[in-house]
Number of protein chains: 4
Amino acid sequence: MFIEMDLQSEVPLYAQLVDQLIEGIASGALHPGDPLPSVRSLAADLGINLHTVNKAYTLLKQEGFLQVHRKQGVVVNAEGMPGVTEAFERKLDAQLKTLAAEAAVRGLSAEAFAEKCAGAYRSAITGGGESL
Amino acid sequence: MFIEMDLQSEVPLYAQLVDQLIEGIASGALHPGDPLPSVRSLAADLGINLHTVNKAYTLLKQEGFLQVHRKQGVVVNAEGMPGVTEAFERKLDAQLKTLAAEAAVRGLSAEAFAEKCAGAYRSAITGGGESL
Amino acid sequence: MFIEMDLQSEVPLYAQLVDQLIEGIASGALHPGDPLPSVRSLAADLGINLHTVNKAYTLLKQEGFLQVHRKQGVVVNAEGMPGVTEAFERKLDAQLKTLAAEAAVRGLSAEAFAEKCAGAYRSAITGGGESL
Amino acid sequence: MFIEMDLQSEVPLYAQLVDQLIEGIASGALHPGDPLPSVRSLAADLGINLHTVNKAYTLLKQEGFLQVHRKQGVVVNAEGMPGVTEAFERKLDAQLKTLAAEAAVRGLSAEAFAEKCAGAYRSAITGGGESL
DNA sequence: GTGGTCTAGACCACG
DNA sequence: GTGGTCTAGACCACT
């Protein structure tokens with residue numbers, strides 16, 4: 001399994017799991033229709049509580065990334081991913097602005113910042129950690 | 001003052017304050033050496049608790065954005081801003097990767113994402129909300 | 001057969017089956033005395049478990065919508081449908097109130113809600129999906 | 001408090017709470033901006049676990065009915081209620097169709113059904129139990 | 001004291 | 001065995 005939890009991180013475990021599952025879909029490691037591990041087995045694998053996994057799955061279901069299939073359990077939404085919602089756009093803009101401001105203050109040029117962003121996108125869709 | 005608190009946001013008040021002060025520096029609204037309002041007066045202006053303002057100032061001092069001046073109180077660090085630290089780079093990479101992954105999954109192209117990023121940087125250094 | 005199961009729905013399969021059989025009777029696709037497929041064949045047709053079909057049939061028999069005929073197996077109750085029981089009235093009132101409250105809060109007018117309801121009734125007795 | 005839990009009901013406790021809070025808003029017992037009891041106190045009042053209350057609040061926050069205000073705790077969304085979303089329309093249509101079909105089969109006329117619906121709406125916006 | 005998070009253990013409906 | 005629900009008790013960040 002390509003998922004790793006950082007117990008020291010200030011990011012909640014369920015949020016880490018949400019992020020990594022989305023990265024898994026972005027990188028092509030998970031395709032629409034693919035089944036995910038059951039909450040119990042994934043919790044056991046990761047060494048965390050099943051409710052924590054459940055919370056991550058529930059959030060992703062509500063956002064439309066996952067579905068509960070009555071026979072196959074939890075699967076990646078087979079009808080495709082949710083589009084760019086207004087809420088996501090707001091979140092993206094707000095976080096990018098905050099990051100960009102700190103980057104600018106610290107002396108990172110517009111070009112360097114743009115390259116960081118491009119690298120992050122490339123890294124996300126290839127699943128690699130390189131070019132970061 | 002150009003600072004506004006969003007009491008409904010999920011971002012803690014002290015973090016909002018930190019972000020907005022950094023954005024103020026990035027946009028040129030605040031220059032190195034500029035004095036900041038006292039903890040008391042800013043807290044009163046924003047209608048928030050003393051402790052909250054204090055926590056934001058303390059964090060910014062630790063990071064090197066602010067310093068304590070004998071007579072002027074808290075000022076923007078006159079000796080310049082901290083550079084790109086390893087910790088900042090890690091934070092930037094991690095957050096960008098997470099954002100890029102969700103953007104990609106939602107169907108935002110690499111070009112559209114890059115344009116968002118460039119717009120955020122532009123917006124940060126001009127202080128405008130435009131082109132976001 | 002006009003029945004379709006939605007494996008992604010949050011409604012249990014047996015409940016979906018119950019609902020669709022009642023809708024079949026309402027629309028006139030099934031008449032009193034009409035034979036239903038055997039548990040085995042229907043389960044095979046729908047690709048679901050025997051137990052699931054059995055549970056739906058059992059519930060409908062208990063409510064009086066179906067009966068067991070010596071030679072034809074399970075048939076739509078030839079002696080007519082059950083009337084408006086107290087239990088049904090309670091269920092109807094409770095669910096309508098909940099739906100109406102959310103509709104009202106979301107800004108749906110009394111007239112628009114009434115039209116929705118009338119459309120649903122029309123749709124139910126004609127078997128169409130129109131005007132919904 | 002006007003909220004009552006039915007421990008015998010097949011409807012989950014958190015869902016009962018969600019429904020009753022929406023009914024409270026519909027009836028005018030709760031206005032936009034009004035503060036709600038803390039999860040702890042409401043749980044104590046209702047004799048249920050605070051996580052159950054928390055789940056209801058969280059759902060209502062995600063739907064846009066409630067907000068977390070950093071000073072006042074949980075409040076009814078002061079910027080107004082969410083509108084008629086596609087998801088709500090689907091839910092409404094599906095549930096109304098199922099109810100209408102059973103009502104029709106049981107011999108309830110279109111007029112009687114319409115009157116039930118109108119009564120439910122009236123009851124929801126007045127907060128009364130009458131005319132149901 | 002507030003909401004948010006995590007863990008733990010249990011029961012149930014479903015298939 | 002699956003997800004869903006409920007309870008219980010604990011810690012933490014925030015204000």
Side-chain angles (χ1 to χ4, degrees), chain A residues 5 7 9-17 35-44 46-59 61 66-75, chain B residues 5 7-17 43 46-56, chain C residues 5 7-17 43 46-56, chain D residues 5 7 9-17 35-44 46-59 61 66-75:
Chain A
M5 296 287 100
L7 296 175
S9 169
E10 64 177 349
V11 180
L13 294 177
Y14 80 91
Q16 293 181 40
L17 190 44
L36 271 68
S38 76
V39 287
R40 283 175 174 79
S41 67
L42 184 52
L46 300 176
I48 62 179
N49 193 280
L50 87 171
H51 291 104
T52 306
V53 176
N54 199 10
K55 182 165 187 177
Y57 278 11
T58 300
L59 274 172
K61 273 182 275 179
L66 303 183
Q67 282 179 322
V68 179
H69 188 105
R70 291 207 168 261
K71 311 188 84 165
Q72 301 171 250
V74 179
V75 302
Chain B
M5 296 286 101
L7 291 171
Q8 267 80 38
S9 168
E10 62 178 353
V11 181
L13 294 180
Y14 82 91
Q16 291 182 43
L17 191 45
L46 299 175
I48 61 179
N49 197 295
L50 286 179
H51 300 346
T52 308
V53 177
N54 210 352
K55 182 163 186 176
Chain C
M5 296 286 100
L7 291 172
Q8 267 79 39
S9 168
E10 63 178 351
V11 181
L13 293 181
Y14 82 91
Q16 291 182 41
L17 191 45
L46 299 176
I48 61 180
N49 197 294
L50 285 179
H51 301 346
T52 307
V53 177
N54 209 352
K55 182 164 187 177
Chain D
M5 295 287 99
L7 297 175
S9 168
E10 63 177 351
V11 180
L13 294 177
Y14 81 91
Q16 292 181 41
L17 190 44
L36 269 68
S38 75
V39 287
R40 283 175 174 80
S41 68
L42 184 51
L46 299 176
I48 62 179
N49 192 280
L50 87 170
H51 291 103
T52 307
V53 176
N54 199 11
K55 182 165 186 175
Y57 278 10
T58 301
L59 275 172
K61 273 181 276 178
L66 303 183
Q67 283 179 321
V68 179
H69 188 106
R70 291 206 169 259
K71 310 188 84 164
Q72 300 171 251
V74 179
V75 302

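What you are looking at is a predicted structure, and each value in this text was computed from that prediction instead of being measured.
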[X] [atom1] - [N] [atom2] separation (whole Å):
| X | N | atom1 | atom2 | answer |
| --- | --- | --- | --- | --- |
| C:Gln8 | E:dC14 | CD | P | 18 Å |
| A:Leu46 | E:dC6 | CG | C1' | 14 Å |
| D:Leu66 | E:dG4 | CG | P | 11 Å |
| A:Gln16 | E:dG4 | CD | P | 19 Å |
| D:Leu42 | E:dG3 | CG | C1' | 14 Å |
| A:Gln72 | F:dG1 | CD | P | 19 Å |
| A:Ile48 | E:dA8 | CD1 | P | 11 Å |

For [X], all residues meeting side chain to side chain donor-acceptor pair (under 3.5 Å), sequence neighbours excluded:
| X | result |
| --- | --- |
| D:Thr52 | none |
| A:Asn49 | A:His51 |
| A:Thr58 | none |

The nucleotide from E:dT5, F:dT2, E:dG3 with an atom nearest the side chain of D:Val68 is E:dG3

Contacts of A:Ala44 meeting side-chain contact (heavy atoms from CB on, under 4.5 Å) (sequence neighbours excluded), chain-then-number -> none

Residues passing the side-chain contact (heavy atoms from CB on, under 4.5 Å) test with D:His69, sequence neighbours excluded, are B:Leu7, B:Gln8, D:Lys71, D:Gln72, D:Val75

Computed from five pairs at either end and rounded to 10 degrees, the angle between the axes of the helix from E:dG1-F:dC14 to E:dC14-F:dG1 is 10°

Taking for D:Leu7 and for A:Tyr57 the nucleotide of DNA chain F with the nearest heavy atom, the one nearer the 5' end belongs to A:Tyr57

Letter by letter from the 5' end, nucleotides 9-15 of chain F scores (B base, S sugar-phosphate only, - none; protein heavy atoms under 4.0 Å) B----SS

Checklist line | N or O in side chain of A:Asn54 less than 4.0 angstrom from F:dG4 OP1/OP2 | finding: yes

Side-chain donor-acceptor distances from residues 9-17 of chain C under 3.5 Å, at least two apart:
| from | atom 1 | to | atom 2 | distance (Å) |
| --- | --- | --- | --- | --- |
| C:Ser9 | OG | C:Val11 | N | 2.8 |
| C:Gln16 | OE1 | C:Asp6 | N | 2.8 |
| C:Gln16 | NE2 | C:Asp6 | O | 3.0 |
| C:Gln16 | NE2 | C:Val11 | O | 2.8 |

Residues C:Ile48 and C:Val53: closest non-hydrogen pair is CD1-CG2, 3.8 Å

